[in-house]
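Note that ligands are numbered from 1 as they come in the structure, with each ligand's atoms numbered from 1 the same way. Note that the structure is a prediction, hence the values are computed from the model and not measured.
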Amino acid sequence: MELLGARVDYFGEIERLKVEMNAVILAHYYQEPAVQDLADFVGDSLALARQAQGTDADVIVFCGVHFMAETAKILNPGKTVVLPDLEAGCSLADSCPPEDFRRFIDERPGHTVVSYVNTSAAVKALSDICCTSTNAEEVIASIPEDTPIIFGPDKHLGRYLVEQTGREMVLWPGTCMVHVLFSERKIRQLKVRRPGAEVLAHPECEERVLRVADHVGSTSSLLKRVVESPAKEFIVATEPGIIHQMQKAAPEKEFVRAPGKGPEGACEACSECPHMRRNTLEKLYWCMRDLAPEITLDEDLRSRALSPIERMLEIG
Ligand code: 13P
Ligand code: SF4
């Protein structure tokens, strides 16, 4: 226990614990900057799953949300996987209860079920193949043309994929509580004030926001665009944690958070994912010190959820 009032050198202690327990720290782009800076690897949800699959560490410290850490555990039943805050959920995963999703599938026999990784293990276990926004088009292309598809749980990503791939899909009506809040009207107004700025948007945003975007893609795709684009200013319509990596990758460029639908002057933090931001530097230290909270999974459920994840990882 720390002495009352004693300051903890979180950076030093986390580094020490990492070596002591042969741990790897994996962080999503939406984590707070200090957590990203401590991680061994920062990436999008697909890259993080691949890192988890390939690691030889004994302990995976997952700085992201529950479904991401759960995916790491599904891939690594023999390893300890900890998440700084077990309550770090996801509105998309919550929008798709497994019992309801099972009924939805049963009502549509013969469909191939594609699930975004933003789902619980129980929903993955009902699915044929998983995808992320990075590889969704490739995953859909891998399904025979004459096979009907159910896609869940994000209806905005689903609609965008129907448009991109030309494949009809039955969509589950889930949404991300963060991405639906960006305001197309205010983004347009901001573009008038910053005519040289490019609008970057994650496909979980509403259709009208995607229509004003210059580039639509997963977090890693948006980051890549920042480096490759000739633009010097960007309006970022995704969780602003990623701006930390954008600034590192292109320090001479300027990044503005896309405005939300709230009243004029509404708080800037509104586009921060309340789940992702549950993880803090302190909680990261505590979870490594105590090896808790740990992700645990029933073995039968884990093995059923594994195959759609492995199918996804085999692609690309
Ligand atoms: P990426 O797969 O693009 O990293 O997105 C994850 C996510 O949760 C978006 O809200
Ligand atoms: Fe889930 Fe949205 Fe947060 Fe991503 S930003 S973890 S989809 S709630």
Within the 4.0 Å heavy-atom cut-off, what Tyr29 brings close to ligand 1 is neither
Can you tell me which portion of Val178 lies within the under-4.0 Å heavy-atom range of ligand 1? Options are side chain, backbone, both, or neither.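 Neither; no heavy atom under 4.0 Å.
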Specify the protein heavy atom at minimum distance from atom 6 (C) of ligand 1: its residue, its atom name, and the distance to 0.1 Å. His28 NE2, 3.7 Å
Residue and atom name of the nearest protein heavy atom (relative to atom 5 (O) of ligand 1), distance in Å to one decimal: His202 NE2, 3.4 Å
N-O pairing of [X] and [Y] below 4.0 Å:
X      : Y      : answer
Lys191 : Asp214 : yes
Arg194 : Glu254 : yes
Arg103 : Asp100 : yes
Arg304 : Asp300 : yes

Ligand 1 contact by [X], heavy-atom criterion under 4.0 angstrom:
X      : value
Glu239 : no
Met276 : no
Cys176 : no
Thr134 : no

Element-labelled atoms of ligand 1 that are located less than 4.0 Å from some non-hydrogen atom of [X]:
X      : answer
Thr219 : 1 (P), 3 (O), 4 (O)
His179 : 10 (O)
Ser218 : 3 (O)
Asp44  : 4 (O)
Glu204 : 7 (C), 9 (C), 10 (O)

If we count only N and O atoms by modelled type, under 3.5 Å, do the side chains of [X] and [Y] hold a donor and an acceptor together?
X      : Y      : value
Glu137 : Thr165 : no
Glu204 : Tyr116 : yes
Asn279 : Glu32  : no
Ser133 : Ser218 : no
Thr112 : Asp128 : no
Asp44  : Ser220 : yes
His179 : Thr238 : yes

Check this for me - ligand 1, Asn118, N or O atoms closer than 3.5 angstrom, yes or no? yes
With only distance considered, is Thr132 within less than 3.5 Å of ligand 1 through an N or O on each side? no
Show me the side-chain donor-acceptor pairs of residues 147-157 shorter than 3.5 Å, one per line, residues at least two apart or across chains.
from: Thr147; atom 1: OG1; to: Pro144; atom 2: O; distance (Å): 3.4
from: Asp154; atom 1: OD2; to: Leu157; atom 2: N; distance (Å): 3.1

Atoms of protein origin (N, O or S) under 2.8 Å from atom 2 (Fe) of ligand 2: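 Less than 2.8 Å away from atom 2 (Fe) of ligand 2 sit Cys176 SG.
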Evaluate the ring planes of Tyr30 and His28, with Trp represented by its six-membered ring, and classify them as parallel (under 30°), tilted (30 to 60°) or perpendicular (over 60°). perpendicular
Ring-face cation of Arg257 near Phe255 (centre distance under 6.0 Å, axis angle within 45°): no
Of Gly217, Ser133, Ser45, Ser91, the residue with the heavy atom nearest atom 2 (O) of ligand 1 is Ser45
